Amino acid sequence: MAWALLCAKGALPQARDWHVEALQPVRGTRDIYGEDQRRHAHVIATARDTASSYGFDEWITPIFEDTRVFARTLGDTSDVVTKEMYTFADRGGDSVTLRPENTAGICRALVSNGLTQSLPQKVFYAGPMFRYERPQKGRYRQFHQIGAELIGAAEPLADAEIIALGWDILTRLGLAGEVVLELNTLGDAASRAAYRAALVAYFTDNVANLSEESQERLAKNPLRILDSKDAGDRALVAAAPVIGPYLTADAEAFYDGVREALGRFGVPFVENPRIVRGLDYYSHTAFEFVTTRLGAQGTVMAGGRYDGLVAEMGGPPTPAVGWAAGIERLSMLLAEPPAAARPVAVVPLGGAAEAACVDVLQSLRRAGIRAEMAYRGNMKKRMERANRIGARAAVILGEDELARGVAAVKDLAAGTQTEIALADLARHLAA
Ligand code: ATP
Ligand code: MG
């Protein structure tokens, strides 16, 4: 209905009665700008570049999918599906879900685009994810992940390679000293069935001491109790059976292969038999890069092998391994925020010089130099502004300079001023 009509009917207040309330971002979401944005962009650029050197290509899939993409693949018992998904009916009545993670979407895309015929596929992605969680430091409702998936390779070398990619990204971010790689195996289906039985026996004996949530997990997916964040559960988990004795010979051999290959890639790790993934579709390798610096939000990068997922999407049985990392958590760990870009300020002296200055401004920009010119103000005001925006140099141009084809270039840190021929200006400022 037209706005005026709504107002006339009294459905909306008249403009003049309006108290305009400043709106806030939705709980658990945040605006990323300034230093935060520079950290965020640095994480993505570093990851993208490193992934490219490993032969990964970037895919951009939709941020919402048919709800079945997640309901099918994450399993009915994962926290993500049962409690955290943003699911709604769109205007056409279809159930859609804002992606809580991107592995399912990548596998859906692989199948939708017929790419199961051209394997392996090495996929990198970066983008927003959505989970309805209790917001706290390092935990948001819209957050961002980088991730890598290696689809179509069943060899332990693939697991080691994708972990090595993660390790190299963390190293290039300066975080090698901050994180520890914790490695585990979830074995194959037979190993997991035997292990599951042992866990059920153990937790059933101790059921009275389990949290209510884990009592539910005991019935549906006991392995997930190992991932519980409840303090009481964690005490029980510490004494729970580990998977080692239940591994089949095949699963044991696979795990040996991964550990050996990690050695070949030079990636240090510790083994932690408590590592399971929050999502249900993993087998064999499971790993996390963890830090002690972010409290309960200490997992910065997590992943594993998920050989069953592509088939769940309607594709042929296809082995795959991958990881995802939270950009916000990585950003918080960066020691130094990347420096803000420092422009060059073009400062015209007098109205007549201003028009000519636009040419100089544009020629600098086309030469790849970040250059700015204020929209108004005398020389003094413009110089003040140049300092305020952190300009590294001011290019000062009056009619006299223009007539002689030169500019006065003031180094704003050193305070020194030099005369430079306009023809040499871009080269001089780039140096
Ligand atoms: P957690 O145990 O912290 O809830 P998770 O097991 O749910 O993590 P994954 O699904 O494996 O996490 O996601 C991979 C990474 O994404 C995590 O290690 C973390 O860095 C990041 N991440 C997950 N959920 C959030 C969130 N709500 N806010 C910010 N980052 C998140
Ligand atoms: Mg979680």
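Since this is a predicted model, take the numbers as computed values, not measurements. Order of listing sets the numbers, starting from 1, for every ligand and every atom in it.
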*Electrostatic pair D159:R305 at N-O distance under 4.0 angstrom*: yes
*Hey, which atoms in ligand 1 end up nearer than 4.0 Å to a heavy atom of E133?*
24 (N), 25 (C), 26 (C), 27 (N)
*Heavy-atom distance to atom 15 (C) of ligand 1: which of R134, Q145, Q136 wins?*
Q145
*Of K220, K83, K229, which meets salt bridge (Lys or Arg N to Asp or Glu O under 4.0 Å) against E213?*
K83
*SB check R388 E384 (cutoff 4.0 Å)*: no
*Which is it for R139 and ligand 1 at heavy atoms under 4.0 Å: side chain, backbone, both or neither?*
both
*asked:* Heavy atom to atom 10 (O) of ligand 1, shortest distance: which of R131, M129, E101 holds it?
replied: R131
*Determine the interplanar angle of the W167 and F289 rings, folded into 0 to 90°, and report it as parallel if under 30°, tilted if 30 to 60°, perpendicular if over 60°.*
parallel
*State plainly whether the residues R217 and D227 are in salt-bridge range, i.e. N to O under 4.0 Å.*
no
*asked:* Using a plain distance cutoff, I'd like to know if K229 has any nitrogen or oxygen under 3.5 Å from a nitrogen or oxygen of ligand 1.
replied: yes
Compile the donor-acceptor pairs under 3.5 Å between side chains in residues 261-269 and protein atoms, sequence neighbours left out, one pair per line.
none

*asked:* Distance under 4.0 Å to a non-hydrogen atom of A302: what atoms of ligand 1 satisfy this?
replied: 11 (O)
*Flag D227 as yes when one of its N or O atoms lies below 3.5 Å from any N or O atom of ligand 1, and as no otherwise.*
no
_Checking the side chain of W323 only, and the main-chain atoms of I162 only, is there a donor and an acceptor separated by less than 3.5 Å?_
yes
*Do any N/O atoms on G326 end up under 3.5 angstrom from N/O atoms on ligand 1?*
yes
_Per-atom contacts of ligand 1 with T299, taking only distances under 4.0 Å to non-hydrogen atoms_ = 17 (C), 18 (O), 19 (C), 20 (O)
*Decide whether the shortest distance between a heavy atom of E328 and an atom of ligand 1 is less than 4.0 Å.*
no
